[in-house]
Amino acid sequence: MTGPVVVLGDTLLDRDVEGTVNRLCPDSPVPVLDEGTYVDRPGGAGLAAVFAAAEGAEVALVTAVADDAGGARLGTLLAAAGVQLYALPLAGSTPEKIRLRARGRVLLRHDRGGPAGEPGEPSEVVLRLLADAAVVLVSDYGRGVARDPALRAALAATRAPVVWDPHPRGPEAVPGVHLATPNEAEARELAKVRPGASRLVTASRSAQALRQRWQAGAVAVTMGGEGALLCHAGSTPLVVPAPASAEGDTCGAGDRFAATAALALAGGALVSEAVQAAVAEASAYVAGGGVGTALPAPVRDASPVVVSGGGDRIGADAAGAVVAEVRAAGGTVVATGGCFDLLHAGHVATLQAARQLGDCLVVCLNSDASVAGLKGPERPVVPQGDRSRLLAALGCVDAVVIFDEPTPHAALSWLRPDIWVKGGDYASGGGAETLPEAEILARWGGHTVVVPYLDGRSTSDMIAAARAGRGSALPPGGGVPPGTGGPARAAVIRPTAEGAR
């Protein structure tokens with residue numbers, strides 16, 4: 001396998017709420033669910049990407065992400081799964097699918113997020129990604145990503161095998177896909193075939209019609225516990241029975257099937273071999289308990305960062321609102337990040353210089369857990385709630401978003417700033433490869449920038465001096481911002497275009 005596995009399509013934020021029902025509502029004859037636990041996960045194309053990454057593949061997800069808390073949560077979950085997110089802008093809200101469950105059974109599904117927003121245009125980096133893929137899985141959930149003309153042109157031109165998992169509300173598959181994987185209901189609706197004398201006859205007619213219309217190499221119609229029917233070269237379809245029939249939670253089984261088939265094709269398998277592997281894997285998935293047990297532990301354990309009493313400039317919703325407003329006006333979004341423990345004049349100088357580069361500044365702040373992991377158990381000195389409020393109180397900061405990971409990569413993938421700012425002595429570092437965020441910014445055509453810093457300002461030195469009883473660790477002149485007496489380095493813009501990496 002050379003090149004990444006690329007999953008392209010619509011991603012939702014799924015939540016399973018597990019609780020108990022012991023009574024009926026007094027004002028309506030409906031059960032009352034007392035919530036116990038909940039698990040968030042990427043849904044749609046995101047879930048297919050998580051499944052592929054769990055098999056050890058290098059996975060890139062091309063999807064649309066909104067500027068809201070749901071988008072931020074998806075960024076965190078995908079990063080925990082090891083999925084590289086290539087996010088397109090998404091108008092509106094993140095679509096959410098909430099399943100209310102008791103004793104392992106779904107009582108009600110609650111969908112929110114409103115009508116599908118319009119995804120933004122892909123960057124050149126995304127189009128090159130499709131050209132260089134080992135395999136492309138289009139996981140269409142009918143919300144617009146698979147309709148984008150530039151993406152469809154790139155899919156038609158790629159030399160990689162393309163697996164298309166269609167949706168009745170989505171577009172036609174691009175001509176010449178390697179394998180299409182509708183379920184029975186989808187195939188029947190897409191092909192406009194009336195039910196026949198048997199399930200096999202109906203599935204066969206639907207598959208033949210879709211294969212001819214889409215000029216597809218093969219169409220595999222999934223049939224739940226009955227396995228799958230594969231229509232490819234020749235007039236006789238191949239029936240692939242399930243190894244064993246099992247009842248259980250089928251949510252995500254189609255994504256598991258399509259991801260398994262795509263990975264097999266990337267490894268050089270024949271289409272028939274890929275479908276057999278996919279049937280076996282999807283059957284085992286349902287029998288093993290479905291998405292509740294198949295979800296990788298890092299995704300299950302990726303708890304959201306919660307800040308109480310933070311004010312209207314703190315949190316994913318606040319950052320998303322600022323970013324959306326600036327983008328709508330055609331402005332420039334700037335972001336920077338760090339621990340900002342014991343806020344000092346060097347920090348302020350960096351933040352002031354960063355804010356001058358655009359129309360808003362979002363600070364990505366390491367959480368307490370993240371700081372402790374980076375700097376040791378005695379840090380931070382100031383907890384994240386206070387650090388975030390201090391930053392938000394600065395006139396040069398428009399919003400603060402807290403992240404729990406060692407790096408801000410997940411937050412950057414969601415925020416997609418036009419400029420990412422680093423403060424420090426990077427001017428003599430010798431190239432953009434010294435900036436770890438450069439590759440992330442390149443996904444949407446962003447830039448990394450080095451701004452002035454004040455010599456001698458260090459949180460670690462301040463802490464050491466305070467513990468030694470020496471008072472201020474700052475040099476003579478104190479915390480003076482650049483341009484008012486303190487030494488500063490010049491800003492350096494490091495483009496993240498292909499030639500600079």
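Only a predicted model underlies this, so the values are computations on that prediction, with no experimental measurement involved.
In the model, Asp404 has a side-chain atom that pairs as donor or acceptor with a side-chain atom of Ser367 under 3.5 Å. When only modelled atom types and interatomic distance are considered, Asn183 and Thr222 share no side-chain donor-acceptor pair under 3.5 Å.
Tyr285 is linked by a ring-ring contact (aromatic ring centres under 6.0 Å, His included) to Phe51, counting only residues two or more places apart in sequence or in another chain. Applying the side-chain contact (heavy atoms from CB on, under 4.5 Å) test to Arg199 and every residue at least two apart in sequence or in another chain returns Glu184, Met223, Glu226.
The closest side-chain heavy-atom distance from Leu365 to Cys339 is not below 4.5 Å. Counting heavy atoms from C-beta on, the side chains of Val6 and Leu137 never come closer than 4.5 Å.
Residue-environment remark: CD (Glu172) exceeds the threshold of 12 foreign heavy atoms within 6.0 Å.
Of the charged side-chain nitrogens involved, none lies within less than 4.0 Å of a carboxylate oxygen, so that Glu96 and Arg15 do not count as a salt-bridged pair. Between Asp249 and Arg105 no salt bridge is recorded (no basic side-chain N to carboxylate O distance below 4.0 Å). Between Asp359 and Arg327 there is no salt bridge, since no side-chain nitrogen of the basic residue lies less than 4.0 Å from a carboxylate oxygen of the acidic one. The pair Arg41-Asp16 counts as a salt bridge, with a side-chain nitrogen and a carboxylate oxygen less than 4.0 angstrom apart.
Results of the salt bridge (charged side-chain N to carboxylate O under 4.0 Å, His left out) test with Arg73 over Asp40, Asp68, Asp14 single out Asp40 as the only residue that passes. If you run side-chain contact (heavy atoms from CB on, under 4.5 Å) between Leu61 and each of Leu8, Val50, Val7, Val5, only Val7 comes through.
Under a 3.5 Å cut-off, the side chain of Thr250 and the backbone N or O of Ala253 do not form any donor-acceptor pair. Between the side chain of Gln384 and the main chain of Asp368, a donor-acceptor pair closer than 3.5 Å is present. Panel note: side chain Trp414, backbone Ala66; a donor-acceptor pair is recorded below 3.5 Å.
When all heavy atoms are compared, the tightest approach of Val271 to Ala218 is CG1-CB, 3.8 Å.
Sorted by first then second residue, the salt bridge (Lys or Arg N to Asp or Glu O under 4.0 Å) pairs that include residues 143-156, not counting sequence neighbours, number zero.
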